[in-house]
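Heads up: the structure comes next, in structure tokens.
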Amino acid sequence: MDQIRDAILAGDTSAEEFASIEIPDTYRGITIHKDEQEIFAGVPSRDKDPRKTLHLDDVPLPELAAGEALVAVMASAINFNTVWSSIFEPVSTFGFLERYGRTHADAKRHDLPYHVLGSDLAGVVLRTGPGVNAWHPGDEVVAHCLSVELESPAGHNDTMMDPEQRIWGFETNFGGLAELAIVKSNQLMPKPAHLSWEEAASPGLVNSTAYRQLVSTNGGAMKQGDTVLIWGASGGLGAFATQYALNGGAIPVCVVSSPEKAEIVRSMGAELVIDRKAGGYKFWADETTQDPREWKRFGKDIRDLTGGEDIDIVFEHPGRETFGASVFVTRKGGKIVTCASTSGYMHEYDNRYLWMNLKRIIGSHFANYREAYEANRLIEKGMIHPTLSKAYALEDTGQAAYDVHRNLHQGKVGVLVLAPEEGLGVRDEAKRAKHINEINRFRDV
Ligand code: NAP
């Protein structure tokens, strides 16, 4: 692995040299183990500790199949799906691997007693499988996490609709929290040249998701002047939604949970900010009963900020805890676009507010290649910026996931894999200098 790392760090290794570099038979990766699936039985979600189940193992490198690329991973990032995988919630990911393994011979490779996790990477292509023409050894890349087979006509308008659509490193094996990763070549995108490895690795999953959920016509189709309520506005998804709202001429109403987080979103340019802790909203009077008076109080606080306007688009992901309020505060004809249910997936809302006011609930999930590519292009152009607050060593991935599980983090948490230290991999210093304040905004907050 040292030879691969050195070749990348040298910065001037040719494509031919990368193509002839020796590939090891095994590699180190962050895994969960199938025989530990029941380890947290009876433990409340919050107390399930990713540090207990995320292992750093040496695992065999599988054969590369047609349409795939083998990538040397310089850096990766923690996503909430790493947390879900590590606590085996809402289901164990080994069920995904078993089902995938039954679909065809190449997929069988994924059904193993261990699962190499990770849905983001920045690194360098080492090998490509048969049928890959667009990417070559030596290409510096990032990968989005949509894995599709595309053998069904159903996926050919929008690849998210492929019946065999999976999230790489969550519903498939050989993910990005490892020295080597296997991706489909249509997951690859150019690494933004002004970013370090860990900065480039961090936006992928959340940036693409926020783009589809808020900007794409498959999601919120946000337009100039829209008021956008953004839950967790300084978090993984939310900090990109905030940037998209500002970049697209909309008016974000950012919900956060501390003065520090409020300060971050203000520094990004958001003017309308609600601290939900300071507001003390109790949307649920108890575990089974919501309190519509609290929805109204929240709605009034929004109107006080917007000059009396209600919300055109709610960027939803907390789920059960907030969904009733989200439906209530949306304006007549507005949209609630949801991609998750962090606090619980059995939502409850008062449907009278929805149908009488012609509101729409839209489900959104990750992004198709085109959307992911557009989102990455905006990063490349310096119009949207990474939100990396901290980078951990691969050995400390458990702690990194723990931070995200406990909401102790800001923006994105990165993981250095083959990169020996932070700050390496920048190829365009002039562009970096131009955007350095935005790139560093989430650092050491
Ligand atoms: P994150 O970095 O933890 O950010 C989420 C933020 O939401 C938190 O920082 C918190 O911000 C806020 N929040 C959490 N619980 C809340 C609650 N009960 N009420 C109100 N606000 C709450 O996580 P993320 O990466 O943004 O992911 C968020 C969710 O989306 C996860 O469930 C994840 O699995 C899901 N997700 C889905 C997709 C998809 O494609 N479907 C893609 C990415 C993520 P404050 O404390 O500041 O309010």
Side-chain angles (χ1 to χ4, degrees), residues 45-46 77-87 89-90 93 119-120 144-146 160 165-171 202-214 216 218-219 229-242 254-265 270 273-284 294 298 314-326 337-345 347 362-368 371-372 375 387-390 400-414 442 445:
S45 252
R46 191 182 150 73
I78 301 295
N79 285 295
F80 224 94
N81 71 12
T82 318
V83 176
W84 296 127
S85 304
S86 71
I87 63 173
E89 279 199 29
T93 55
S119 299
D120 275 317
H144 71 77
C145 63
L146 173 61
M160 279 304 296
Q165 174 269 317
R166 292 180 175 79
I167 299 298
W168 160 71
F170 177 59
E171 294 167 292
S202 69
L205 185 148
V206 283
N207 182 32
S208 311
T209 305
Y211 181 89
R212 180 179 176 112
Q213 188 175 348
L214 192 55
S216 168
N218 288 316
L229 180 71
I230 302 171
W231 291 104
S234 73
L237 286 170
F240 284 96
T242 301
C254 292
V255 185
V256 293
S257 65
S258 70
E260 294 75 29
K261 291 180 173 186
E263 197 38 53
I264 292 183
V265 293
V273 184
I274 294 178
D275 181 336
R276 66 182 170 102
K277 279 242 170 78
Y281 307 104
K282 276 199 159 303
F283 300 136
W284 288 83
E294 285 293 275
F298 183 55
V314 182
F315 188 84
E316 241 298 333
H317 50 90
R320 182 171 173 81
E321 214 163 298
T322 55
F323 205 82
S326 291
V337 194
T338 173
C339 78
S341 293
T342 314
S343 64
Y345 47 81
H347 295 185
I362 299 172
S364 190
H365 185 38
F366 190 61
N368 60 37
E371 290 161 340
T387 58
L388 189 73
S389 58
K390 194 169 181 177
Y402 176 88
D403 286 3
V404 174
H405 184 31
R406 287 301 187 92
N407 198 16
L408 302 172
H409 66 300
Q410 316 278 356
K412 288 295 297 178
V413 176
F442 280 71
V445 182

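These numbers come from the heavy atoms of this one structure, side chains and all, not from hydrogens, waters or symmetry mates. Both ligands and their constituent atoms are indexed starting at 1 by order of listing.
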Least distance between heavy atoms, C339 atom then L237 atom: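 That would be SG-CD1, 3.5 Å.
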For S119 and N79, does a side-chain donor sit closer than 3.5 Å to a side-chain acceptor?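 Result is no, nothing qualifies.
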Would you say H347 and S341 are linked by a side-chain donor-acceptor pair, where the criterion is simply a distance under 3.5 Å? yes
Quick check: does any side chain N or O of [X] sit under 3.5 Å from a backbone N or O of [Y], one acting as donor and the other as acceptor?
X	Y	value
E171	I167	yes
N207	A375	yes
D403	L408	no
S208	A367	no
S234	V265	no
H405	S45	yes
T242	A233	yes
S389	K412	yes

Using a 4.0 Å heavy-atom threshold (strictly under), name the region of [X] that reaches ligand 1: side chain, backbone, both or neither.
X	value
I167	neither
S257	both
C339	both
K412	neither
L237	both
K261	side chain
L205	side chain

Give me the residue, atom name and distance of the protein heavy atom closest to [atom].
atom	value
atom 5 (C) of ligand 1	H317 CE1, 3.8 Å
atom 22 (C) of ligand 1	R276 NH2, 3.4 Å
atom 11 (O) of ligand 1	G232 CA, 3.4 Å
atom 33 (C) of ligand 1	F80 CB, 3.3 Å
atom 38 (C) of ligand 1	T209 CG2, 3.8 Å
atom 39 (C) of ligand 1	H365 ND1, 3.4 Å
atom 31 (C) of ligand 1	T342 OG1, 3.4 Å
atom 35 (C) of ligand 1	A340 CB, 3.3 Å

Give the C-alpha distance, both sets of side-chain angles, the deciding distance and a yes or no for side chain to side chain contact (heavy atoms under 4.5 Å, CB included) between H409 and K390. CA-CA 8 Å; H409 66 300; K390 194 169 181 177; over 6 Å; no
Could you say whether the N/O atoms of [X] and ligand 1 ever approach to under 3.5 Å?
X	value
F366	yes
E321	yes
W84	yes
G236	yes

Parallel, tilted or perpendicular: ring planes of F283 versus Y281, cut at 30 and 60 degrees: parallel
Among F315, F298, F323, which residue meets the ring-ring contact (aromatic ring centres under 6.0 Å, His included) test with W231? F298
For ligand 1, which atoms have a heavy atom of [X] less than 4.0 angstrom away?
X	result
V206	25 (O)
S343	18 (N)
G235	2 (O), 4 (O)
T322	19 (N), 20 (C)

Residue-ligand contact H409/ligand 1, heavy atom below 4.0 Å: yes
